[in-house]
Amino acid sequence: MPPHDRKADRYSHGHHESVLRSHLWRTAENSAAFLLPHLSDDARLLDIGCGPGNISADLATVLAKGSVVAIDRAEEIIDRATQSFPAKDYPNLSFAIGDTYALEYPDHSFDVVYAHQVLQHLSDPIAALKEMRRVLASDGLLAVRDTDYAAFVWWPQDPRLTQWMEIYHRITQANGANADAGRQLRSWVLQAGYREVTASSSTWTYADDDSVAWWGDLWSKRALKSEFAIQALSQGFATHDDLNDISEAFLDWSRAKDASFIVVHGEILARP
Ligand SMILES: C[S@@+](CC[C@H](N)C(=O)[O-])C[C@H]1O[C@@H](n2cnc3c(N)ncnc32)[C@H](O)[C@@H]1O
């Protein structure tokens, strides 16, 4: 089989400030709870697609006698993460530019590989999972977690938000990626040859005044400024008017007194 053309993958969100606002909210507690009970404090953990690095820094704190190597394909986000979580404050945490399809680490060199919200953005998640398996110790642990966009639910309903979801699916499909990854994780992990596969699910729920205001505001900006907007326009999936409508819809949603939004995730723990 020819090597995978990893340059073909286009990340559907990008790293605009409105996107990072949601990534920076994430913690080990709200994004790796399925993994935390299985971590020994001396584990060597690889965090793939680490983004701005806040979850990686949390994990480094948990692994007091261990270490975290956090990688991302995007140089700009690794620069930011390195500045936010410097080695002087986090001596067991290091950041590097790296590609999940071609990890620059020897076989069996990590006890845990964690990838949070990454597989959904890849055109070949099974190839990526096989590469993760290569770097795992024989008794190591894979921990992956991805949302499932088609499983998101929200209230109140709004046709403009239905259109947002349709456009997002079209963008990810055009990128060869799969926005509904959560339900497919078990299948992908089994196809990549893992054993002792344990599946679970969990949610983020935005249904109080602060989280509703935060989520509505950040998506009202994402709809206009982030890669969602850039790719929707360049692919012909939306017009400027459509994007303005979607942005307004998120603000209207956030003003509803009874608003709620539930983000569904699939999660997998597995042995290589
Ligand atoms: C949705 S963000 C998740 C960031 C972080 N894990 C979190 O949950 O907040 C996905 C990240 O994966 C990175 N990424 C996409 N394709 C990648 C690849 N082939 N190798 C490494 N990182 C990749 C993107 O640059 C982006 O920072």
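Both ligands and their constituent atoms are indexed starting at 1 by order of listing. Side chains included, hydrogens not; waters and symmetry mates left out as well; all remaining heavy atoms used.
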(request) Report yes or no: does a heavy atom of Asn54 sit under 4.0 Å from some atom of ligand 1? (result) no
(request) Answer yes or no for Gln120: is there a heavy-atom contact with ligand 1 below 4.0 Å? (result) no
Atom pairs and distances, donor-acceptor, side-chain atoms in residues 35-42, under 3.5 Å, two or more places apart:
unit_1: Ser40; atom_1: OG; unit_2: Asp42; atom_2: OD1; d: 2.9

(request) Examine the proximity of ligand 1 to Cys50 and report which part, side chain or backbone, both or neither, has a heavy atom under 4.0 Å away. (result) backbone
(request) Between Asp9 and ligand 1, find which residue part has any heavy-atom pair under 4.0 Å and reply side chain, backbone, both or neither. (result) neither
(message) Please check this pair: side chain of Asn175 against backbone of Arg10, looking for a donor-acceptor N/O pair closer than 3.5 Å.
(response) yes
(message) Could you check whether Ser56 and Asp47, counting side-chain N and O atoms only, form a donor-acceptor pair closer than 3.5 Å?
(response) yes
(message) What I want to know is whether Thr100 and ligand 1 share at least one N or O pair that is separated by under 3.5 angstrom.
(response) yes
(message) Measuring from atom 10 (C) of ligand 1, which candidate in Glu131, Arg145, Gln117 has the nearest non-hydrogen atom?
(response) Gln117
(request) Could you pull out, from Leu103, Leu119, Val118, Asp72, the option with a heavy atom nearest to atom 27 (O) of ligand 1? (result) Asp72
(request) Apply salt bridge (charged side-chain N to carboxylate O under 4.0 Å, His left out) to Arg160 and list each qualifying residue two or more places apart in sequence or on a separate chain. (result) Asp158, Asp252
With heavy atoms of [X] as the reference, note each atom of ligand 1 found under 4.0 Å away.
| X | value |
| --- | --- |
| His23 | 1 (C), 2 (S), 9 (O) |
| Asp99 | 18 (C), 19 (N), 20 (N) |
| Gly51 | 4 (C), 27 (O) |
| Gly98 | 20 (N), 21 (C) |

(request) Using a 4.5 Å cut-off on heavy atoms from C-beta on, say whether the side chain of His240 contacts that of Leu233. (result) yes
(message) Could you check whether His23 and His15 have their ring centres less than 6.0 Å apart?
(response) no
(request) Compute the centroid of each ring, for Phe261 and then for Trp155, and state whether the two points are separated by less than 6.0 Å. (result) no
(request) Mind telling me whether Trp219 and Trp215 have parallel, tilted or perpendicular rings, with 30° and 60° as the class edges? (result) perpendicular
